[in-house]
Amino acid sequence: QVQLVESGGGLVQAGGSLRLSCVVSGSIFSINAMDWHRQAPGKQRELVAAITSSSYTIYADSVKGRFTISRDNAKNTVYLQMNSLKPEDTAVYYCAAQVQTGWGSDPSDYWGQGTQVTVSS
């Protein structure tokens, strides 16, 4: 019984910034990796950034140097700070998490419903 809720999306001008948040709630024993993905109109979903439980991060080449992923383990929350936004960043952004719900259980993947990010030129 795990749910993810994203927030922070909206409309912003090119060069602006947004901060996305995703809160994980429910039966949580531990959270492993947490990810941000996005899907633009007419395109397939792609990985934007990921962060492990030890705070190791990876980024898509298209967002390196502009986006920063972070997590607050005490709040079961992952963030995506997006700076220097470009029109090509326009997409629905989804968070995902690999959650272990009990001792001895295997982690399962959970997804949020997504939040719209629109960057105007």
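Only this structure's heavy atoms are used, side chains among them; waters, hydrogens and symmetry mates stay out.
With hydrophobic clusters built from ILVMFWY side chains whose heavy atoms lie under 4.5 angstrom apart, Val63 shares a cluster with Val12. Leu18 and Val78 fall within a single hydrophobic cluster, where Ile, Leu, Val, Met, Phe, Trp and Tyr are joined by side-chain heavy atoms under 4.5 Å apart, directly or via other members. Hydrophobic cluster membership differs between Ile28 and Val23, with clusters built from Ile, Leu, Val, Met, Phe, Trp and Tyr side chains linked at under 4.5 angstrom. The hydrophobic cluster containing Val92 does not contain Val48, counting ILVMFWY residues as joined when their side-chain heavy atoms lie under 4.5 angstrom apart, directly or transitively. Cluster membership check: Val99 does not share its hydrophobic cluster with Trp103, using side-chain heavy-atom separations under 4.5 Å among Ile, Leu, Val, Met, Phe, Trp and Tyr.
Distance check, rounded to the nearest 0.5 Å: OG of Ser21 to CG of Asp72 gives 10.0 Å. Rounded to the nearest 0.5 angstrom, Gln100 CD and Ser105 OG are separated by 4.5 Å. Annotation: the span from Thr68 atom OG1 to Leu80 atom CG amounts to 8.0 Å, rounded to 0.5 Å. Rounding to the nearest 0.5 Å places CZ of Arg71 at 11.5 Å from OG1 of Thr57.
Contact annotation: the side chain of Asp106 never approaches that of Ser108 to less than 4.5 Å [non-hydrogen atoms, C-beta and beyond]. Residues Met34 and Val24 are in side-chain contact: their nearest non-hydrogen atoms beyond the backbone lie under 4.5 Å apart. By the 4.5 Å heavy-atom criterion applied to side chains, Val117 and Val119 are counted as neighbours.
Other residues, nucleotides and ligands place more than 12 heavy atoms under 6.0 Å from the CD atom of Gln116.
No side-chain N or O of Gln1 forms a donor-acceptor pair with one of Ser27 less than 3.5 Å apart.
Legend: residues meeting side-chain hydrogen bond (donor to acceptor under 3.5 Å, both in side chains) with Asn83, ordered by chain and number and at least two apart, are Ser17, Gln81.
In terms of modelled atom types and a separation under 3.5 Å, the side chain of Glu6 and the main chain of Gly114 share a donor-acceptor contact. Checked by atom type and distance alone, the side chain of Gln113 never pairs as donor or acceptor with a backbone atom of Val5 at under 3.5 Å.
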Could you go step by step and tell me if Ile58 and Leu47 meet the side-chain contact (heavy atoms from CB on, under 4.5 Å) rule?
CA-CA 9 Å; Ile58 60 171; Leu47 176 68; 3.9 Å; yes
Less than 3.5 Å apart, which donor and acceptor atoms pair up between the side chains of residues 35-46 and the rest of the protein, not counting sequence neighbours?
from	atom 1	to	atom 2	distance (Å)
Trp36	NE1	Tyr79	O	3.4
Arg38	NE	Glu46	OE2	2.8
Arg38	NH1	Asp89	OD1	3.0
Arg38	NH1	Tyr93	OH	2.9
Arg38	NH2	Glu46	OE2	3.4
Arg38	NH2	Ser62	OG	3.3
Gln39	NE2	Lys43	O	3.2

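Here the closest heavy-atom approach between residue Gly9 and residue Leu20 is recorded as N-CD2, 3.6 Å. Pairing each heavy atom of Leu85 with each of Arg66, the nearest pair is CA-NH1, 3.9 Å. Minimum interatomic distance between Tyr110 and Leu4 (heavy atoms only, all atoms of both residues): CB-CD1, 3.5 Å. Taking both residues in full, the closest heavy atoms of Phe29 and Thr101 are given as CB-C, 3.7 Å, listed atom of the first, atom of the second, then distance.
Pairs passing the disulfide (SG to SG under 2.5 Å) check and including a residue from residues 11-55, sequence neighbours excluded, read Cys22-Cys95.
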